S.K.: 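My questions will all concern the structure given below.
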Number of protein chains: 2
Amino acid sequence: MKPEGPQLLILKNVARFINLTPLEEQKYLSLLREIKVKKRAFLMQAGDVAKYEYFITKGCLKVYTLDDTGAPHISMFAVEDYWTGDMASFITNKPTRYFIKATEDSELLGISRANYQLLFQEIPKFERFYRILYQRSLISYIKRSNHGISLSAEERYITFKKKYPNIVHRVTQKDLAAYIGITPEFMSKIITKVNRR
Amino acid sequence: MKPEGPQLLILKNVARFINLTPLEEQKYLSLLREIKVKKRAFLMQAGDVAKYEYFITKGCLKVYTLDDTGAPHISMFAVEDYWTGDMASFITNKPTRYFIKATEDSELLGISRANYQLLFQEIPKFERFYRILYQRSLISYIKRSNHGISLSAEERYITFKKKYPNIVHRVTQKDLAAYIGITPEFMSKIITKVNRR
DNA sequence: AAAAAAAAATGAACTAGTTTAAGACTTTTA
DNA sequence: TAAAAGTCTTAAACTAGTTCATTTTTTTTT
């Protein structure tokens, strides 16, 4: 049986950094599980232990925490061809503080902790794949953590818009505010101001 | 010849995630270069291409950028047993926007781009080492990028103090302010306020 | 050990971003 | 398709953090 649709997408993603033989591809796909979530459904909630790391093949999800006042802080929007999950919980087996909620009907491929570990034994090349994947994520999170601290809200909005032109229109302004780190009211003001130019 | 001092420290750091044979240890150490920098000297300046990734065996350094107003934003303090550098520049070979400056006389071990790549060929286990190292850094940068956006300056200071009790006293208040993302004046106020309790 | 330079403290006037509240608009549910 | 729930806008009063200016304290240089 030939891989298709979602499978092709994840194999292409992996092929950015490592070459797999057809046999290895089969093996890899066999370690993944297909998951579907309806809009507004949760993939994970605070208190859960993260059972999977996810690759998104369709849709959009938001990853967020709630602070002690109950206000949400979004740490990422995950769309097609992105990886997501709570790595800390996934590798330590401790409860997560994150929620992952679909903002559209979505489809994912999940790898369980057991299979993630098995993967490194069976196809050691995946150490390299994840080494490079994490290295790249690290670069962008280092940048984001600097931006969060050093840029104004307006600058952060403009940066986001430039970096993710495809995502801006797919999420609510409220969620965008929770990502940028400001109130929805101030987000509204910024957007009015920026678009006026 | 037996490894000692700085060499022992880096081998111990690596041994957290992978086991090396004595021969592999020798090979690894042969790919590293010892570097010393005096207090206030630069290891890297904006415009340079990052030639090395560094492991600190002694001292303290600050990694920072300057914004368009010339204000510094510190992205990390690197002390003994920490890894640092500008990974984006190191792997893409493009000029960095970072400065790395010693805040104390410091000693480091550096690995060049060529040797970094050679390392993965000669001792593939290092893919695993870096996979785990980057995975862990990623977890802490994701947290930091959320904190930068969602916590008040006072909360960020308290969090820093709790996480790096050994570093707080080693850096100036001004540098701490540039790390937390506030003015030195406001940092001074926060410290007075927090210590008053 | 003195002079110079940098860091820290303090305060007053300012600005970016929050809070609260209310009305208009859009999407979801029954 | 009407009602309910959530989202967006606007505005006034507020607060966290900045800016600018001055003095004191600490560190560095000679």
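The sequence lines fix the lettering, A, B, ..., with proteins before strands; numbering per chain opens at 1. Just the heavy atoms: all of them, side chains too, but no hydrogens, waters or symmetry mates, feed the values below. These figures come from a predicted structure and were not determined experimentally.
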S.K.: Taking 4.0 angstrom as the limit, do K62(A) and D175(A) come out as a salt bridge?
M.R.: yes
S.K.: May I ask you to establish whether R128(A) and F120(A) are in a cation-pi arrangement, using a distance under 6.0 Å from NZ or CZ to the six-membered ring centre and at most 45° from the ring axis?
M.R.: no
S.K.: Please say whether more than 12 non-hydrogen atoms of neighbouring residues, nucleotides or ligands are located less than 6.0 Å from CZ in R136(A).
M.R.: no
S.K.: Is there a donor-acceptor pair under 3.5 Å between the side chain of S75(B) and the backbone N or O of Y64(B)?
M.R.: no
S.K.: Report the nucleotide, chosen from dG17(D), dG17(C), dC8(D), that has the shortest atom-to-atom distance to any side-chain atom of S152(A).
M.R.: dG17(C)
S.K.: If the helix axis at each end comes from five base pairs, how far does the helix from dA1(C)-dT30(D) to dA30(C)-dT1(D) deviate from straight, to 10°?
M.R.: 60°
S.K.: I want to check one thing: is the phosphate of dT28(D), taken as OP1 and OP2, less than 4.0 Å away from some side-chain N or O of K39(B)?
M.R.: yes
S.K.: Between M187(B) (CE) and dT19(D) (P), how many Å, whole number?
M.R.: 16 Å
S.K.: Quickly work out the F186(B) CZ to dA13(C) C1' distance and round it to whole Å.
M.R.: 16 Å
S.K.: Closer than 4.0 angstrom, basic N to acidic O: yes or no for R131(A) and E127(B)?
M.R.: yes
S.K.: From the options dT28(C), dG17(D), dT18(C), select the nucleotide whose nearest atom is closest to the side chain of R40(A).
M.R.: dT28(C)
S.K.: Would you mind reading off the distance between E104(A) atom CD and dT27(C) atom P, rounded to a whole angstrom?
M.R.: 14 Å
S.K.: Can you tell me which nucleotide in dT28(D), dA7(C), dT18(D) comes closest to the side chain of K189(B)?
M.R.: dT18(D)
S.K.: Can you tell me the distance, in whole Å, between the CD1 atom of I191(B) and the P atom of dA8(C)?
M.R.: 8 Å
S.K.: In this structure, how many angstroms lie between the P atom of dT7(D) and the CG atom of L176(A), rounded?
M.R.: 14 Å
S.K.: Given the side-chain rings of F77(A) and Y164(A), with only the six-membered ring counted for Trp, is the space between their centroids under 6.0 Å?
M.R.: no
S.K.: Classify the nucleic acid contact of T183(A) as base, sugar-phosphate or nothing, counting any heavy atom under 4.0 Å across all strands shown.
M.R.: base
S.K.: Taking only the side-chain heavy atoms of I182(A) (C-beta and beyond), determine which of dA9(C), dT28(D), dT18(C) contains the nearest atom.
M.R.: dT18(C)
S.K.: Which nucleotide sits closest to the side chain of E185(B): dT18(C), dA21(D), dA21(C)?
M.R.: dA21(D)
S.K.: Whole-Å distance between dG6(D) P and D175(A) CG?
M.R.: 14 Å
S.K.: Considering non-hydrogen atoms only, spot the tightest contact between I180(A) and A153(A) and give its length.
M.R.: CG2-O, 4.0 Å
S.K.: Specify the separation, in whole Å, of atom NZ of K193(A) and atom C1' of dG17(C).
M.R.: 12 Å
S.K.: In whole Å, I'd like the distance from the NZ atom of K174(A) to the P atom of dT28(C).
M.R.: 14 Å
S.K.: Please check the phosphate of dT26(D) (OP1 and OP2 only) for any side-chain N or O of Q173(B) closer than 4.0 Å.
M.R.: no
S.K.: Kindly point out which of dA9(C), dA8(C), dT18(D) is positioned nearest to the side chain of S188(B)?
M.R.: dA9(C)
